[in-house]
Number of protein chains: 4
Amino acid sequence: MRHTGNRHGRSEAARQAVLEAADDLLAERGFVGVTIEGIAARANVAKQTIYRWWPSKVDILLEAFADDMDEHLFPPDLGNIGDDLRDHLHRLALFLTESDPGEVFRALAGQAQHDPVLANRLRSDHLNRQRERDRVPLQRAVDRGELPADLDIDLALDQLVGPIYYRVLVTGEPVPREFTDHLVRQFLRD
Amino acid sequence: MRHTGNRHGRSEAARQAVLEAADDLLAERGFVGVTIEGIAARANVAKQTIYRWWPSKVDILLEAFADDMDEHLFPPDLGNIGDDLRDHLHRLALFLTESDPGEVFRALAGQAQHDPVLANRLRSDHLNRQRERDRVPLQRAVDRGELPADLDIDLALDQLVGPIYYRVLVTGEPVPREFTDHLVRQFLRD
Amino acid sequence: MRHTGNRHGRSEAARQAVLEAADDLLAERGFVGVTIEGIAARANVAKQTIYRWWPSKVDILLEAFADDMDEHLFPPDLGNIGDDLRDHLHRLALFLTESDPGEVFRALAGQAQHDPVLANRLRSDHLNRQRERDRVPLQRAVDRGELPADLDIDLALDQLVGPIYYRVLVTGEPVPREFTDHLVRQFLRD
Amino acid sequence: MRHTGNRHGRSEAARQAVLEAADDLLAERGFVGVTIEGIAARANVAKQTIYRWWPSKVDILLEAFADDMDEHLFPPDLGNIGDDLRDHLHRLALFLTESDPGEVFRALAGQAQHDPVLANRLRSDHLNRQRERDRVPLQRAVDRGELPADLDIDLALDQLVGPIYYRVLVTGEPVPREFTDHLVRQFLRD
DNA sequence: CATTAAGCGAGACGGTACGTCTAGTCTTATG
DNA sequence: CATAAGACTAGACGTACCGTCTCGCTTAATG
């Protein structure tokens, strides 16, 4: 870090360096390998600078993770519910299993099992947003008349995405396109 | 521990004390509050005794957790697939959300996101066994002719239990009987 | 500090506030409790303002200490060597053991054991001046003919004030008037 | 450190390494250069091992300093008070100005100005012992009849050793044999 | 009379060392 | 020979100050 502070407040360069270092360490050494000291050393940042802005390492990872989900995963309108759902679930599966932020998510979801505060933040900050995106294709289908107006969308979502998260977080099995397509087929009773 | 070593081999008293201390600490302070030093202190056991018999604290929790899943959750035969599934899924939900071993499971599942070795052990030692039990009602239904002989049972299981684990591990929502019943209804297309 | 800078040069108010804050902190928390950050906070002054004018905290204390020794301890002429010395040594002892600047001196003398640069400054700026004052009564006595003309005044001074500093800095014993009077008596071989 | 702990208690090797490292650092970098981390690194010892046995770095230096004063400075009996005193004061001056433990003493005496607890320990543990040794030649002279039986030995000591400490701690001037001899001559009124 | 430049409060920055905690290893005496 | 005890190395934790560095404000001399 060349920069040193000023009255405008924090150094964006330091912030970026910390987030990248945290991401890198997570990828290279896993969650337990992410330490404040390690981040500070890799980012060439003082520990105090980290403690000044983030309460803990999970907050760093949360922030690193924050925008990625928004970038990804906004469901496009392909014209019919079948294509919409197949596309969306497939891309959700890819996100969770293949992408870098997906890896961060899995780590955070794991840590959330030990840390109710993190669990709440993760849900309110990210999962709910994702949930809203997930609703879009179904709501669109209801509007189109493809699905009944009294559909319980939340229940439907649990059935559609639940098995995907289950494979990702519990069984560790891959989530190929055939699997997500099958989920859609069952849901639409084709 | 009153006992100090003997020639007869390992001290069962020490083993029990360690497992109980680990369970207690998990309940009282959560996963991060479970430390080898804390277990040793609470169990009045030397650290070395712990290291001699368990490679890590998750192994202690795994052992503490081991038999509980077997005790629970063996699906009874109620005569028809609907009742069998409704009963089984409801009891699975109760196990995961309400029971003490369910809490241990959630902690281990969380830790497994950080620790591939634990993930493998958890799957091979416990999830596969559970998976076998989960198959029972479906296999029985196939045998009875209630379900088609070419049913992909694994796929069906993912759809049936996936949403339950999803709520438990991801959204944190409760898993009431209505929810599990609904899953069964959708699956059987009643 | 109400004042904010101007082109006329440094703020006397800030200077005073810093010196007072340093003195206060030394009295309240001792030398180790004197920190630049603490002085800045107590004086409502920016750290940079301190670093602009003083190289280190000992320089602040040196400046705070500077004039006090001059105020005190100029030896009066009481007409004869005995009275002159008794008065002077007694007041030196009081200064070192009882006064506020005496406390600062002890702290600086202590720190000088760790810091040769400070030791030199302390000697050249203050001790030598004090030494000159200490010589006055003896020189006066030589001029009066009370003491031999070839008296080694520096040697005499070491014998007269050395035991006082020794009690102050080493043994911590009190330095009552009887003690200083005794030193004079021995010196004059009464 | 090759050694690791055992039930017998602390590692003597670690203790020695710590004391030596502290001495070396004091000699090389001065008192402020003596840090717990630095000692630990140089001694190849874990910080925790240091904190287990010493409350602070001055305690380490005190212990390092402890026996040296005993080794040195026991006043021999040369048969008469003049020789006894001249020899003893000269060796005291050498100890304070030239020896390694003398350097440690100066650092501790300096720090004692900031730390009343250290001051007390230094006095009760070491200075009093030294004081006892210093009394020996005078007491011997009284016994021999060379000095009056009602001599106030403590007062005499302050006059004899005070100027030496004064030069060492305050003025920084050298303490040559002529100086100590002169002190003796004055004291004995030769 | 607008510009300029110095001193100021504020505070973020990269660092160093602090003292604490837990991990995991090792050695010994006890039963 | 397993145990309790506990000292050991290692290294991350979160805190306190260090000394450096902008920054925006205020003020008075300058042009």
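In what follows, chains are A, B, ... by sequence order, proteins preceding strands, each numbered from 1.
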(Q) Should the side chain of A/K47 and the base of F/dG14 be counted as holding a donor-acceptor pair, with the cut-off at 3.5 Å? (A) yes

Q.
In whole Å, I'd like the distance from the CD1 atom of A/I50 to the C1' atom of E/dA12.
A. 14 Å

Q: Take atom CD of B/Q16 and atom P of F/dA2, then tell me their distance rounded to the nearest Å.
A: 19 Å

**Q.** Beyond-backbone contact of C/H126 with C/L62, side-chain heavy atoms, under 4.5 angstrom
**A.** yes

Q | Integer-rounded Å distance: E/dA10 P and C/I36 CD1 | A | 17 Å

Q) In terms of the nearest nucleotide of DNA chain E, which residue is placed more toward the 5' end: B/E37 or A/E37? A) A/E37

Q. Rounded to whole angstrom units, what separation is found between the CG atom of C/D59 and the P atom of F/dG19?
A. 11 Å

Q: Starting from the C-alpha separation in whole Å, work towards a yes-or-no answer on salt bridge (charged side-chain N to carboxylate O under 4.0 Å, His left out) for D/E12 and D/R15.
A: CA-CA 5 Å; D/E12 178 61 18; D/R15 177 177 165 274; 2.9 Å; yes

(Q) For the backbone of A/A109 and the side chain of A/Q113, can you confirm whether one donor and one acceptor N or O come within less than 3.5 Å of each other? (A) yes

Q: Look at B/R52 and F/dA2 and indicate whether a side-chain polar atom (N or O) is within less than 4.0 Å of OP1 or OP2.
A: no

Q. Which nucleotide sits closest to the side chain of A/Y51: F/dT3, F/dA7, F/dC13?
A. F/dC13

Q. How many Å lie between CZ on D/R10 and C1' on E/dT27, as a whole number?
A. 17 Å

Q) So which of D/E28, D/E20, D/E37 actually passes side chain to side chain donor-acceptor pair (under 3.5 Å) with D/R42? A) D/E28

Q.
Without decimals, in angstroms, what is the distance between D/N44 CG and F/dG11 P?
A. 12 Å

Q. Between B/Q48 and D/W53, which has a closest nucleotide on DNA chain F that is more 5'?
A. B/Q48

Q: Using only side-chain N and O atoms of C/T49, determine if any of them is under 4.0 Å from OP1 or OP2 of E/dG9.
A: yes

Q) Taking CZ from D/R15 and P from F/dA7, how many angstroms apart are they, rounded to a whole number? A) 16 Å

Q. Closest nucleotide of DNA chain F for C/S56 versus for D/A46: which of these residues is on the 5' side?
A. D/A46

Q) Do the ring planes of D/H114 and C/H114 sit parallel (below 30°), tilted (30 to 60°) or perpendicular (above 60°)? A) perpendicular

